[in-house]
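Predicted, not measured: the structure shown is a model, and the values here were computed from it.
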Amino acid sequence: VQLQASGGGLVQAGGSLRLSCAASGLTFSNYVMGWFRQAPGREREFVATIDRSGTRTRYQDSAKGRFTISRDNAMNTVWLQMNSLKSEDTAVYFCAADGTAVAFTGANVFLNPAHYDFWGQGTQVTVSS
C-alpha cells in the first residue's frame with residue numbers, strides 16, 4: 001500500500017492550497033480516508049475525514065468552513081482544499097487510510113490517528129503571516 005501526498009508549499013495568510021493524496025495497492029473505496037497534521041513539538045492531530053463513498057465528512061472545529069475534504073474512488077485520490085489559511089495551520093499534513101468495518105456516522109474512532117492502517121509520507125504546509 002502506498003499513499004502519496006502532495007500539494008504543500010508556502011502561502012501567505014488568507015491564501016489557499018489544495019492537497020492531494022494518491023493511493024495504490026488497496027481497494028480504495030473500502031477505506032475511510034483522513035487528513036491529519038503535525039506541527040513541530042506537537043502531537044499529530046485530526047483535520048478531516050471522509051467516508052468510503054465520499055458522502056459524509058467530519059472536520060476539526062478549526063477547519064470547519066475553511067477546509068473541504070473530497071475523494072474520487074475512480075481515481076483513488078482524496079483531496080483537502082484549504083482556504084483562508086492561517087499561520088496556525090502551518091504543519092506537515094498526512095493522509096491516512098482506515099480499513100475498519102466500523103460505520104462512519106457517529107464513530108469518533110476516525111478522529112484518532114492511532115486507528116488508521118496506512119499513512120502517506122506527509123507534505124509541508126507553511127503559512128506566513
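Residue pairs meeting the salt bridge (charged side-chain N to carboxylate O under 4.0 Å, His left out) criterion with at least one partner in residues 65-88, sequence neighbours excluded, are Arg66-Asp89.
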Practice task
I would like to know whether Thr57 and Thr49 meet side-chain contact (heavy atoms from CB on, under 4.5 Å); could you show each step before the answer?
Solution key: CA-CA 6 Å; Thr57 58; Thr49 184; over 6 Å; no
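Cluster annotation: Phe94 is not connected to Leu3 through the hydrophobic network of ILVMFWY side chains, with a link wherever side-chain heavy atoms come within less than 4.5 Å. In terms of hydrophobic clustering, with Ile, Leu, Val, Met, Phe, Trp and Tyr side chains grouped at heavy-atom distances under 4.5 Å, Val92 and Phe118 are assigned to different clusters.
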Report all side-chain donor-acceptor pairs from residues 95-113 shorter than 3.5 Å, counting only partners two or more places apart or in another chain.
| residue | atom | partner | partner atom | Å |
| --- | --- | --- | --- | --- |
| Asp98 | OD1 | Thr100 | N | 2.8 |
| Asp98 | OD2 | His115 | ND1 | 2.5 |
| Thr100 | OG1 | Val102 | N | 3.3 |
| Thr105 | OG1 | Arg56 | NH1 | 2.5 |
| Asn108 | OD1 | Arg58 | NH1 | 3.2 |
| Asn108 | OD1 | Arg58 | NH2 | 2.9 |
| Asn112 | OD1 | Ala114 | N | 2.9 |

Determine all donor-acceptor pairs shorter than 3.5 Å in which one atom belongs to a side chain in residues 5-27; sequence neighbours excluded.
| residue | atom | partner | partner atom | Å |
| --- | --- | --- | --- | --- |
| Ser16 | OG | Asn83 | OD1 | 2.9 |
| Ser20 | OG | Trp79 | NE1 | 3.3 |

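Remark: Arg52 engages no residue in a side chain to side chain donor-acceptor pair (under 3.5 Å) (not counting sequence neighbours). Under the side chain to side chain donor-acceptor pair (under 3.5 Å) criterion, Tyr93 pairs with Arg37, sequence neighbours left out. Among residues two or more places apart in sequence or in another chain, the side chain to side chain donor-acceptor pair (under 3.5 Å) test is passed with Gln2 by none.
Applying side chain to side chain contact (heavy atoms under 4.5 Å, CB included) to Leu80 and the options Ile69, Ile50, Val125 leaves one that passes, Ile69.
Contact of the Trp35 side chain with the Val78 side chain is registered, since non-hydrogen atoms from C-beta on lie closer than 4.5 Å.
To the nearest 0.5 Å, the span separating CD on Gln60 from CZ on Phe46 amounts to 7.5 Å. If you take CZ on Phe28 and CG on Asn30, they are separated by 11.0 Å, rounding to the nearest 0.5 Å. One finds the CE atom of Met33 at 9.5 Å from the CG atom of Asn73 (value rounded to the nearest 0.5 Å). Between atom OG of residue Ser128 and atom CG of residue Leu85 there is a gap of 10.0 Å, rounded to the nearest 0.5 Å.
Taking the six-membered ring for Trp and the full ring otherwise, the centers of Trp119 and Phe36 sit less than 6.0 Å from each other.
Gln38 and Glu45 share no side-chain donor-acceptor pair at under 3.5 Å.
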